[in-house]
Every structure is written in structure tokens, then in C-alpha cells.
Amino acid sequence: MAKKKASVQTNTEEKIKTAARKVFMRKGFSATRTRDIAEEAGINLALLNYYFRSKKKLFDLVMQEKIEKLFGVIVPLLTDPSTSLETKIELIVSGYIDVLAENPDLPTFVLNELRKKNFEIIQKFPVDKIIVQSSFIKQLKEKRADINPAHFLVNILGMTVFPFVAKPMLIMTGMVNEKSFITLMNERKKLIPVWVKAILKAK
């Protein structure tokens, strides 16, 4: 009986979290009401409040998941001392494109919420210190001390992440459709490292 009750509680919590992900991704924190999440989950508002006492608590859970997805790809690659700078570039590009292909709205959601100063959760992840002290930065400085690491990293992320942000515009202009966009991004897995490595060689 206790196991069955625990299973029901787990299923209900997961149902609520799944609904919260959808609604927050669609509407953002400010425009979302707990009632919206309850309706999406197919439960009453009292039950949602029983499991999660506030919208903020649910949002923090969702935001933490999204930030871990967004930075979870890059941090292990940046800090791995066993791979060369060139290999890191290839892995970062390929890894990010794979994650964003499965979560195309991820960068827009995270950036929008950070722009609205909903960044309490991200402060729990010392990404800035990790990046500054990473083997990626050390390798870059050894290879090209004259290149500002911020420029270099922004170039990689810009070429990788921005197409997903610009996807609606690309589709609207007729340059791509849903299927050809995926093809385009798979092509960029090979092209972006070539372009970035050219930056390392440029004087």
C-alpha cells in the first residue's frame, strides 16, 4: 500500500514538472500562473499547491534543468586536460548542436529569463570561474596569447547557438524548412571547427 502511494506521488510530481516545463518554456516565468500549470497537468490547483507550494519553486526546478543542459555540454569539454584545443572545438560544436537539436527553444528561454534578471539559480553554478580556469583557456593562451579568450569562445557559441535562435526567421524567409534545417546544422558540425581553426591560424 505504501509503495503504491509513493508511486502515485512520484507520478503526480512528474506530471506537474512536465507540465511546468511546457508552460514556462512557452510563456516564461512572469506570464505563467500556477493555474496554467495545473490545467496543463490535468489536475486541480489544490493538488499542485500540495506538491509545490509556489510557482517560484517549480520555476527554479525547471530553470536548473535547463541551465544544466545548456552548460552541461560545454563545461566538461572545456575542463578536460586530456584533449587538444582543436579536439575541444570539434566536441563543443558537435555536442551543442546535438543538445539544441533536441531542445531548440533552450537558448531563447534561458537568455530571456536571465535578461529579466531571473538568475538566482545560475549563481549556484560557478561557470565563470570554471571557464576562466579551464584547460581550454590555458591551451588557447599557449597557442595564441594575442587572442582574447572571450572573443574566441563567443565566436564558437555564436556560430553554434545563434542559428537555433534565428531558426524561425530562416524558415519564414524560405531559406530552410524543418527538415533542411537539421541538415544545415549537421553540415555546420563539420564547417564551424574549420572556420574556428582558421581563426587560430590568422595573423
Side-chain angles (χ1 to χ4, degrees), residues 21 25 61-115 119-171 173 175-203:
R21 290 184 196 104
M25 290 289 285
L61 282 172
V62 172
M63 193 67 171
Q64 181 170 341
E65 286 180 358
K66 299 307 178 185
I67 288 171
E68 285 175 353
K69 273 189 188 295
L70 196 60
F71 291 108
V73 173
I74 191 172
V75 170
L77 298 174
L78 291 176
T79 56
D80 181 5
S82 68
T83 56
S84 66
L85 179 62
E86 289 78 9
T87 299
K88 282 183 173 65
I89 292 167
E90 294 169 4
L91 293 175
I92 289 169
V93 171
S94 180
Y96 251 123
I97 287 176
D98 286 343
V99 167
L100 297 179
E102 293 180 9
N103 306 271
D105 296 325
L106 180 61
T108 304
F109 169 74
V110 172
L111 292 174
N112 278 343
E113 295 305 322
L114 293 180
R115 184 172 56 85
F119 45 61
E120 289 177 22
I121 289 295
I122 200 170
Q123 291 172 346
K124 296 179 182 179
F125 299 87
V127 177
D128 52 346
K129 293 179 182 178
I130 291 172
I131 291 176
V132 169
Q133 298 169 7
S134 68
S135 60
F136 175 89
I137 298 298
K138 291 175 184 174
Q139 289 168 327
L140 176 60
K141 287 180 177 178
E142 288 171 2
K143 200 170 195 75
R144 289 293 303 270
D146 58 317
I147 294 179
N148 185 329
H151 282 309
F152 194 70
L153 199 53
V154 166
N155 280 338
I156 296 173
L157 296 180
M159 285 190 279
T160 305
V161 177
F162 182 74
F164 289 93
V165 177
K167 180 183 173 183
M169 181 184 68
L170 294 173
I171 291 176
T173 58
M175 296 182 71
V176 298
N177 55 37
E178 289 288 346
K179 185 176 180 180
S180 62
F181 179 80
I182 297 301
T183 301
L184 181 76
M185 295 313 298
N186 283 329
E187 290 170 352
R188 289 180 72 81
K189 283 184 183 181
K190 297 178 181 178
L191 291 171
I192 294 171
V194 172
W195 298 332
V196 174
K197 289 173 188 177
I199 295 173
L200 290 174
K201 296 176 182 177
K203 299 294 183 182

Flag side-chain contact, heavy atom, 4.5 Å: L106 against L100: yes

From OG (S180) to CD (E187), nearest 0.5 Å: 9.5 Å

Interatomic spacing from CG in N148 to NZ in K141 - rounded to 0.5 Å: 9.5 Å

Shortest non-hydrogen contact between I192 and M159, atoms and distance: CD1-O, 3.4 Å

Residues that R188 engages under salt bridge (charged side-chain N to carboxylate O under 4.0 Å, His left out), provided they are two or more places apart: none

Min side-chain heavy-atom separation N103-F109 under 4.5 Å: no

Contact summary for I131 and I137, nearest pair of heavy atoms: O-CG1, 3.0 Å

Flag if over 12 foreign heavy atoms under 6.0 Å of NZ, K197: yes

side-chain hydrogen bond (donor to acceptor under 3.5 Å, both in side chains) partners of T183, counting only residues at least two apart: none

Test item: Q139 and E86 side chains (from C-beta on) under 4.5 Å apart, heavy atoms: no

Closest heavy-atom pair and its distance - K138, Q133: CE-O, 3.8 Å

Side chain to side chain contact (heavy atoms under 4.5 Å, CB included) evaluation trace for I74 with L153: CA-CA 11 Å; I74 191 172; L153 199 53; 4.3 Å; yes

Sole residue of T83, D80, L78 in side chain to side chain contact (heavy atoms under 4.5 Å, CB included) with F136: L78

Value rounded to 0.5 Å, distance of CG in L191 from CG in N186: 11.0 Å

I89 and L200, any side-chain heavy atoms less than 4.5 Å apart: yes

Exceeds 12 heavy-atom contacts within 6.0 angstrom, atom NZ of K69: no

Nearest non-hydrogen partners of I199 and R144, listed with the distance: O-NH1, 3.4 Å

Note, H151 side chain near V154 side chain (heavy atom, < 4.5 Å): no

Pairs involving residues 177-203, ordered by first then second residue, that meet ring pair (Phe, Tyr, Trp, His ring centres under 6.0 Å) (sequence neighbours left out): F164-F181

Atom of S135, atom of T79 and distance for their closest heavy-atom approach: OG-C, 3.6 Å

Side chain proximity check, D98 to S94, heavy atoms < 4.5 angstrom: yes

Any V196 side-chain heavy atom under 4.5 Å of N155 side chain: no

Separation between CG of D105 and NZ of K66, rounded to the nearest 0.5 Å: 9.0 Å

From CD1 (I67) to CD (E65), nearest 0.5 Å: 11.0 Å

Nearest heavy atoms of G95 and V73, plus distance in Å: C-CG1, 3.6 Å

